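Below is one structure, written out as structure tokens, with a few remarks after it.
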2 protein chains.
Amino acid sequence: MNTSPAGEARPAAGGERLFGIGAAAERAGVSQRALRYYQQLGLITPQGRTPGGLRRYSQEDLARVARIRQLQTLLGLNLDEIALVLRSEDRMAEIRLAYHAERTTCAERRDLVRESLELQQELRSTVESKRLGIEGFLTDLDARIDRTRGLLEQMTAPAAPGPEPASRSVVGH
Amino acid sequence: MNTSPAGEARPAAGGERLFGIGAAAERAGVSQRALRYYQQLGLITPQGRTPGGLRRYSQEDLARVARIRQLQTLLGLNLDEIALVLRSEDRMAEIRLAYHAERTTCAERRDLVRESLELQQELRSTVESKRLGIEGFLTDLDARIDRTRGLLEQMTAPAAPGPEPASRSVVGH
DNA sequence: TTTAACCTTAACGTCAACGTCATGTTTTTG
DNA sequence: CAAAAACATGACGTTGACGTTAAGGTTAAA
């Protein structure tokens with residue numbers, strides 16, 4: 001990671017402020033290399049370039065990077081799978097816009113929407129199962145923690161006043 | 001992955017049936033290489049070996065492999081982190097047994113228990129945040145799915161009978 | 001006992017997701 | 001405008017988690 005002093009946002013004329021790759025990387029919490037790599041894989045395209053060829057990232061771009069990271073770390077998808085998801089989402093937005101403008105419903109687009117819906121539902125089911133898994137893991141872990149706490153209590157307070165050796169609930173210290 | 005015909009369990013004498021690495025791998029849903037690799041990293045040690053040196057896995061071993069996979073795929077931990085978790089769990093079980101046998105509470109062990117508790121709590125917090133993240137992701141995804149469904153409906157049924165163009169709920173097909 | 005199936009260790013290969021130069025360009029700052 | 005800071009492209013390096021031979025031993029079945 002670079003030790004650059006946090007480059008500023010550059011307002012051009014319209015008002016949408018853009019970031020150089022350094023500032024963008026810092027804000028997104030990834031390396032510059034990662035940003036270039038994502039671009040190479042077609043995951044993002046910085047909103048523009050300076051006349052000299054330097055990348056300029058918009059906040060929208062940054063949000064996209066955040067989404068990439070989310071899909072990566074939360075769901076454990078690899079970058080190819082992420083590309084699929086993002087492309088599908090992009091197509092949806094595009095179609096939505098087109099539909100909003102001209103009210104034409106051509107069958108080709110309908111099929112694309114159907115396709116997107118299926119992918120979303122597939123994604124949903126994998127995420128749901130992941131949620132269940134994590135939930136199960138958590139309750140199990142809580143049980144373990146309870147037991148560990150119990151043991152620790154027993155070890156620290158050896159003289160028990162009450163004559164009940166078979167208790168198993170948390171007292172909420 | 002091997003195309004071996006699903007080796008059988010080998011009952012020795014006591015009754016605890018053991019599996020060769022092929023059968024173990026198949027049951028655990030990992031490759032033989034993975035099992036050896038886990039062993040190399042100290043994550044598992046097959047319960048025993050044949051006189052000739054072949055690994056024998058118990059069901060307990062298989063459960064351990066399942067836990068490794070769980071920590072890997074569900075939480076996204078790497079094998080080094082998994083090693084830490086498992087070692088801590090092992091120490092806990094050991095101490096629990098020792099405490100059960102001789103009632104002695106030496107300070108050294110108490111500290112280990114405390115240490116384990118802290119690790120468990122740390123793990124819990126990361127898992128909890130992961131759960132929250134996934135939950136958020138899911139509700140967001142559900143909203144997206146809703147919107148996609150809505151668009152699809154609009155595109156398939158263009159002739160609207162009722163004069164209300166601003167509806168936004170699911171009808172539950 | 002002789003296979004055939006299964007297993008051993010050792011060593012090199014692979015693949016994703018970047019990290020890390022090297023070298024030259026662009027932009028910003030004083 | 002000159003130096004400093006930020007960036008571009010290209011190419012090679014790294015790391016984790018295995019995959020894949022290679023060259024043999026072990027075990028179960030016939």
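All chains are named by letter (A, B, ...) in the order of the sequence lines, taking the proteins before the strands, and each is independently numbered beginning at 1. Since we're looking at a predicted model, the values are computed, not measured. All values below come from the heavy atoms of this structure, side chains included, with hydrogens, waters and symmetry mates left out.
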Taking only the side-chain heavy atoms of B:R33 (C-beta and beyond), determine which of C:dC12, C:dC7, C:dC18 contains the nearest atom.
-> C:dC12

How many Å lie between CG on A:L54 and C1' on C:dT25, as a whole number?
-> 8 Å

The nucleotide from D:dG19, D:dC7, D:dT27 with an atom nearest the side chain of B:S31 is D:dG19

Name all pairs fulfilling the side chain to side chain donor-acceptor pair (under 3.5 Å) condition that reach into residues 42-52 of chain B, sequence neighbours left out, sorted by first residue then second.
-> B:E16-B:Q47

Look at B:E94 together with B:R91 and state whether they make a salt bridge at an N to O cut-off of under 4.0 Å.
-> no

Examine D:dC7: is either OP1 or OP2 under 4.0 Å from a nitrogen or oxygen in the side chain of A:R55? Give yes or no.
-> no

Distance in angstrom units between B:Q40 CD and C:dA10 P, rounded = 9 Å

Starting at CG of A:L41 and ending at P of C:dC18, how long is that distance when rounded to a whole Å?
-> 9 Å

Per the under-4.0 Å heavy-atom filter, residues of residues 59-83 of chain B near DNA chain D come out as B:Q72, B:N78, B:L79

In whole angstrom, what separates A:E26's CD from D:dA6's C1'?
-> 13 Å

Under 4.5 Å between any side-chain heavy atoms of A:P46 and A:Q39, yes or no?
-> yes

In residues 42-52 of chain B, which ones come under 4.0 Å of DNA chain D, going by heavy atoms?
-> B:T50, B:P51, B:G52

Phosphate OP1/OP2 of C:dA17: any A:Y38 side-chain N/O under 4.0 Å | no

What pairs with B:Q121 under side-chain hydrogen bond (donor to acceptor under 3.5 Å, both in side chains), at least two apart in sequence or on another chain?
-> none

Side chain of A:R36 only, please: which of C:dA16, D:dG16, D:dC7 is the nearest?
-> D:dC7

Salt bridge (charged side-chain N to carboxylate O under 4.0 Å, His left out): pairs with one or both residues in residues 57-73 of chain B, sequence neighbours excluded | B:R64-B:D90, B:R67-B:E89

B:D80: partners by salt bridge (Lys or Arg N to Asp or Glu O under 4.0 Å), with sequence neighbours left out = none

Is the shortest side-chain N to carboxylate O distance from A:R109 to A:E102 below 4.0 Å?
-> yes

With a 3.5 Å cut-off and no angle check, do the side chains of A:T148 and B:Q120 form a donor-acceptor pair?
-> yes

Of all heavy-atom pairs between A:V65 and A:A28, which one has the smallest distance, and what is that distance?
-> CG1-CB, 3.6 Å

